[in-house]
Each structure stands twice: as structure tokens, then as C-alpha cells.
Visitor: 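The structure is given below, and queries will be raised subsequently.
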Protein chains: 2
Amino acid sequence: MATLKDVARLAGVSVKTVSNVVNGYSFVKPDNRRRVEEALEATGYRPNLGARNLRRGRTGFIALVLPELSIPYFAELAGLVIAAAQDHEWNVLIEQTFGTLAGERSALASLGPHLVDAAILSPEALQVDDFQLPVPAVLLGEHAVDVPISRVGIDNVAAAQAAVRHLISLGHQRIAAIGAHPHRGTAALRLEGYRRALAEASLPFVDELVVPALNYHRADGAAAMRSLLDLRTPPDAVFCFNDLLAIGAMRAAGERLVRVPQDLAVVGFDNNEESAYSSPSLTSVAPDKAAIAQAAVDLLHRRVEAGDVLENVETPFSLQVRESTVAR
Amino acid sequence: MATLKDVARLAGVSVKTVSNVVNGYSFVKPDNRRRVEEALEATGYRPNLGARNLRRGRTGFIALVLPELSIPYFAELAGLVIAAAQDHEWNVLIEQTFGTLAGERSALASLGPHLVDAAILSPEALQVDDFQLPVPAVLLGEHAVDVPISRVGIDNVAAAQAAVRHLISLGHQRIAAIGAHPHRGTAALRLEGYRRALAEASLPFVDELVVPALNYHRADGAAAMRSLLDLRTPPDAVFCFNDLLAIGAMRAAGERLVRVPQDLAVVGFDNNEESAYSSPSLTSVAPDKAAIAQAAVDLLHRRVEAGDVLENVETPFSLQVRESTVAR
DNA sequence: GTGAAAGCGCTAACAT
DNA sequence: ATGTTAGCGCTTTCAC
């Protein structure tokens, strides 16, 4: 592999001149430039990123810390983050935490300042004192813990409220919620949105209709739905805190021969691609994932380059109405 | 950030001794070891990976080149590859090609030997002459193009044959296939498995029942299914070359009020997590994704460390029978 | 404008 | 067993 020195020797100039050409710097004598470019071409020179970054004190990487790639929301998001990072010549390193405190701690610990220039975090269990980060970071989604880190995400309370309002506008009166979680910030916010929508319609908040979920996988949604269907008076609608829970809930309903949406309306959250193709298709809160990815990366880039101050970005969302609430 | 030199100064020893301790090398005088460890602790030393790798001539990264993270199969696989790579202290860099030739070429081009130690590739459009790789690589899945690169994957012909045999054993006679593709190696192999299963049961190979798909997304499966349902004699079963196509096909069938599996049995390929929760749940060929990820990473590690020779690994698969072929 | 040379943090001869 | 030192490939003062 050709190095700068090789190119310099071939072109009959100094390393500095080659470096100048490679980096598009300052003024290089046209004659030299031409010879350097020829030598570059002839040797097939490719800069050694490690060496460059060592010298520059940058790494060229950002970390994306998330629970699990097998969760569609995070997989879709990761794809968008990778695309957005390319614009700033960043490569993305993905760390999976599996939503555990230990996993999140170890992911953060591995984030040496030498490994990445910045980090995008989607924590679920972390506590305030865990956030001693060696690099600029941005938190995805809102979190109950109050840490001095930038955040990017939608207004979860408003989004949840919109989802439940939709159910209420359809005439549903006994609306359940699946996904309450004691330590998860976004869960608390979505629950608050649920509560507000009920309150503004003067509907009672019924404890037995709020089902916690320790994880947000399809199986958890199915289990929660079964417990709801076992109630003396089951709900006529359910708001799930993510699409996987909703898919699981619809599956459980189907197994009990409860028809969606006739007997039970279902709303999810995240708008996974799969939700447009389930049977019935799933009404879901749709955060603008591309906007989230773009904002997170841009914000970090500004911080790293210009040392910008802390800043939060609220991204838009919409409600995708589909067959799980309105029969076709 | 503390460097080796700082630690050495604090401990009153040379950098070499510190380096020895850090790397768990040879014999260090117990007294020195203790002082170095204290200094390590006091300074909170973390090695600069960039510098280490520059010196060692390694990067500490492997590339995972795949079409798109929003495709569940690749998302699940990526998660497993990341986990497997951790065992060898490798970080994984994901590159998305979006299945285009241009995307694949540009991903390969960016694979400088300075960026990654090795690469795992899942190409769809690449031609033979594109495979001039600067680093050891392994191909996921089989490909029609015959290139001198290690391969890891299941026996696609046998797997497809098993899927179609299952349909035949259920009494289906008019079995369609969705996902034929002119330039995709795995598509050709799965088609061959389909053909063989028909042949061994003395069923005719009917051209109009084989539907190509340029992409393997849900929408493509739905479109293909609609065209099949428009036939004078629609099929009574369909084998889809991946689960997304199958999900789309089931969706399209549902929209035409064709019942699955009573009127139409459906088999997919990949066994995505979502396929266990669709309604009806999807019968699918299940490659052992964890085995694929593990084998690919291990194989590369051996190549990089020991310069092992070219080698192919065939991983196991099974058929997950669910409601889309056998009603519950 | 361009060259010479220092040095980013680390490892590995080589010397002791 | 440990210290000294060269050098991985690059960028960047500092002279000229």
C-alpha cells in the first residue's frame, strides 16, 4: 500500500506538497499539482485513516448505542443514522445493550475518547450518575432522568395524546394502555399523554386497564392483551406503547377470536414498516425517523466541530390511521 | 487523557514496562507491576486504539456490507455479527448498499485496508470482476458468480426443496414461486430447489406460476401475488423467496378475500421474528442466523490471525411450520 | 509555495 | 526484567 512518502518520491516533491494536494489545501504550483496527481493515480494512493486521525486527534467514528438491532424501530433508525453520518464522513459503530443496565454501562465504558468522536444513545435503564461521558453525546427520545445532554425526539406526551384522542373520536370509551414501565422515561410520558386524553374527554382513568410491560417485544404485547381479555369487562380499544406490543396484542386478540377493529381497536407507536402490512394493518404514531437521525448527527457534528452548546431538538410526528382502528 | 508516558512517569518506570503490564506480557517484577497498576488506576489510563492499531498494522474493525438495515433479516443478522465480533475484540462497521450495483461498488471501494481488517459481504448485484478486495472477506449466502472468496451459508437448493416438498406433502398441486431474479445467485438456487421438488413429485413446471421480483420487499410480494390471483387458474400454494415477499403476498391475498391457508398456502424464507406473529403466522425456512454470523466472524479471524486458506462453511437450516400452511 | 522535521500514542527490536 | 529508541503514516509548525 502506497504511503504519502512513496507518492512524494515518485512525484519528486516533498511529503508536505502531496499532503496539501490530498487535502485540497492552499496554493500548490500547477506544475507540482499535476505531477502529484499523476503520482497519486499511478500508486493508487489511499490515505491511512488511522494515522490521519491519530494526528488530528479525531477518530472518524460515532457510536450508536441502542437496545437491539432485531427491534425494527432501532434497525430502521440505525440505517438512517448511518446514512446521515456519511454526509460528515463519519462511520457508525453500533453497540447493543439489550436494554439492560449492565449492557448500557459496558457500552458507555467502551466509548473511550479514542474510539469515537461522539455518541448517540438510546438508553432504557441508565441512571443519572451513569452519564459521565468522555465524548459529546445526544440522547434519543426523552427520558425521565434529568441529565445535561442534548436530546432529540418527538413530544411523547403530545403523540400519545393524539393516539388516544383518535380512539376516543371513534367512540371508544374503555381504552386500555399496554407498556407502562417503572423506570422508562418514554413510558412515563406516553402514559401521561394517555391520561391527559382521557381526562379531556372526561373518561375515567381505570387502573386495571393500564398494563405494564417489562420488555417491548411482541410476546409481551400478547401476554398483556391476554390479561386484558381476561378482565370481567375487557377494553374496547387499546393503546400500545410501541408497534411490537401492538402486533402481539392483535395476535392474542385473534387467538381469542376477538375481531380487530370491530371488537377491539388497536393503536401502536413507532410506525414500523411491518405495521403497514399486518392483517389488519396497524394504526400507529409515526415519528419522523429520518428527521431524528439527521438532527442527532448534525447536532453532534456541530458540537464536535464548533463546540456548540447544549441543545435539544423536537422532531415532528404524525398519526398513520389504518385498519386496526378503522375497518376498510 | 493519560498516555502511556504519563503512566510511566508516575510509576517511575519506562513505557515499555507499562506497555508490558497493559498487554499482559512476560514477566514484570512484582514491585513494578504493583506501582504500574496503581498509576494506571490513578490516571484512569485507556489505551489509544488508533495508535495501537497504527503500530500493529491492524484496525480493530470489520466491515459488514449488506443491502439495508430496514430489512429484518439483515438487521437480525447484523445484531448477531456484532455480538460474535466482540469475542475477537472487533468492532463492526455497517455499510448499506441498498442492493444496487453502484452502492455495492462504492461500499467495496471504501474498504481500504486501513479502515478494516476484514469484511463480510452480502452482495446482490456484484459481478465477478468487482471482487478485487484489499482485505480477507467472506460472502454470505451462495452466489452464482464464481469468485475465490470464502462462503458461509445454508444449502439454498435443499432448503427451497424442503419448503416446496412441505407444500406438496399437504396435497398442493399448483404451487407458485415468487422472487425469481435474473442476476441474484440465491434466487437461482431457490428456484432450482423449487424445480427439483416439483420434478420429484412429477408435477409440471408452469412458467406463469414463477413470478420475478426485482426487490424483495413486502410491496413486491403483494404485487406478485396480485398478478398470480389474476391468472385464469390461480395457484393453491405459493413459495416466496423471503419472508417479506410472503408477508406482502398474504396481505394481497387477504385483500382479495382469499383465505390463507384454506384457499392458499404460503411459505416464506428467512424466518424473520415478525413471521411468528403475523395473522396467520408464516411457515418459513429458518436458517440458523447465529451460526452464520459466528462462522463468518470466526473464519475471518482465523484468516487474519493465522493466514488460513480459503474455506467454505455450510450452516444448518430447518423448516418452521406455522398457520400459513397448516390451519390451527 | 515548498521542504525539513517534529510528534500524535503506541509497540517491538535491541540493548542492558 | 526493563530501559532506550525507532518508526507506523500522517499533519503541521517553522524555515526558506
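Scope of the values below: all heavy atoms of this structure, side chains included, with no hydrogens, waters or symmetry mates. Every chain is numbered from 1, with letters handed out A, B, ... down the list of sequences.
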Visitor: If the condition is side chain to side chain contact (heavy atoms under 4.5 Å, CB included), which residues does Pro287(B) pass it with, not counting sequence neighbours?
Guide: Tyr73(B), Ile154(B), Ile292(B)
Visitor: Hey, what are the protein-to-nucleotides 3-7 of chain D N/O distances that come in under 3.5 Å?
Guide:
residue: dG3(D); atom: OP2; partner: Ser14(B); partner atom: N; Å: 2.7
residue: dG3(D); atom: OP2; partner: Ser14(B); partner atom: OG; Å: 2.7
residue: dG3(D); atom: OP2; partner: Thr17(B); partner atom: OG1; Å: 2.4
residue: dG7(D); atom: N2; partner: Arg55(B); partner atom: NH1; Å: 3.0
residue: dG7(D); atom: N3; partner: Arg55(B); partner atom: NH1; Å: 3.4

Visitor: Rounded to the nearest 0.5 Å, how far does CD1 of Ile71(B) lie from CD of Glu68(B)?
Guide: 5.0 Å
Visitor: Of all of residues 35-47 of chain B, which get a heavy atom below 4.0 angstrom from DNA chain D, listed by number?
Guide: none
Visitor: How far does the helix from dG1(C)-dC16(D) to dT16(C)-dA1(D) bend, going by the axes of its first and last five pairs, to the nearest 10°?
Guide: 40°
Visitor: Can you give the donor-acceptor pairs under 3.5 Å from side chains of residues 42-52 of chain B to other protein atoms, not counting sequence neighbours?
Guide:
residue: Thr43(B); atom: OG1; partner: Ala39(B); partner atom: O; Å: 2.8
residue: Thr43(B); atom: OG1; partner: Leu40(B); partner atom: O; Å: 3.2
residue: Thr43(B); atom: OG1; partner: Tyr45(B); partner atom: N; Å: 3.4
residue: Arg46(B); atom: NH2; partner: Ala109(A); partner atom: O; Å: 2.1
residue: Asn48(B); atom: OD1; partner: Gly50(B); partner atom: N; Å: 2.9
residue: Asn48(B); atom: OD1; partner: Ala51(B); partner atom: N; Å: 3.0
residue: Asn48(B); atom: ND2; partner: His114(A); partner atom: ND1; Å: 3.3

Visitor: Kindly write out the residues that satisfy ring pair (Phe, Tyr, Trp, His ring centres under 6.0 Å) with His217(A), not counting sequence neighbours, or none if the list is empty.
Guide: none
Visitor: So, using side chain to side chain contact (heavy atoms under 4.5 Å, CB included) as the criterion, who are the partners of Asn242(A) when residues are at least two apart?
Guide: Tyr216(A), Leu244(A), Leu245(A), Asp270(A)
Visitor: Check whether any side-chain nitrogen or oxygen of Asn23(B) sits under 4.0 Å from OP1 or OP2 of dT11(C), and answer yes or no.
Guide: yes
Visitor: Check the distance between dT2(D)'s P and Lys5(B)'s NZ and give it to me in whole angstrom.
Guide: 21 Å
Visitor: Ala119(A): which residues meet the side chain to side chain contact (heavy atoms under 4.5 Å, CB included) condition with it, sequence neighbours left out?
Guide: Ala63(A), Leu111(A), Leu121(A), Val135(A), Ala137(A)
Visitor: Which pairs, with at least one residue in residues 287-303 of chain A and sequence neighbours excluded, count as a salt bridge (Lys or Arg N to Asp or Glu O under 4.0 Å)?
Guide: Glu76(A)-Lys289(A), Arg302(A)-Glu311(A)
Visitor: With sequence neighbours excluded, tell me which residues meet ring pair (Phe, Tyr, Trp, His ring centres under 6.0 Å) with His301(B).
Guide: His88(B), Trp90(B)
Visitor: For Lys29(B) and for Leu54(B), find the nucleotide of DNA chain D with the closest heavy atom, then tell me which residue's nucleotide is more 5'.
Guide: Lys29(B)
Visitor: In the structure I gave you, are the side-chain heavy atoms of Asp6(A) and Leu10(A) within less than 4.5 Å of one another anywhere?
Guide: no
Visitor: Tell me which donor-acceptor pairs under 3.5 Å the side chains of residues 78-87 of chain A have, and how far apart each pair is, sequence neighbours excluded?
Guide:
none

Visitor: Please confirm whether the shortest side-chain N or O distance from Arg52(A) to OP1 or OP2 of dT11(D) is below 4.0 Å.
Guide: yes
Visitor: Name all residues meeting the side chain to side chain contact (heavy atoms under 4.5 Å, CB included) criterion together with Thr97(A); count only those two or more places apart in sequence or in a different chain, and write none if there are none.
Guide: Val65(A), Pro67(A), Glu104(A), Ala107(A)
Visitor: Side chain of Ser19(B) only, please: which of dT11(C), dG9(D), dT2(D) is the nearest?
Guide: dT11(C)
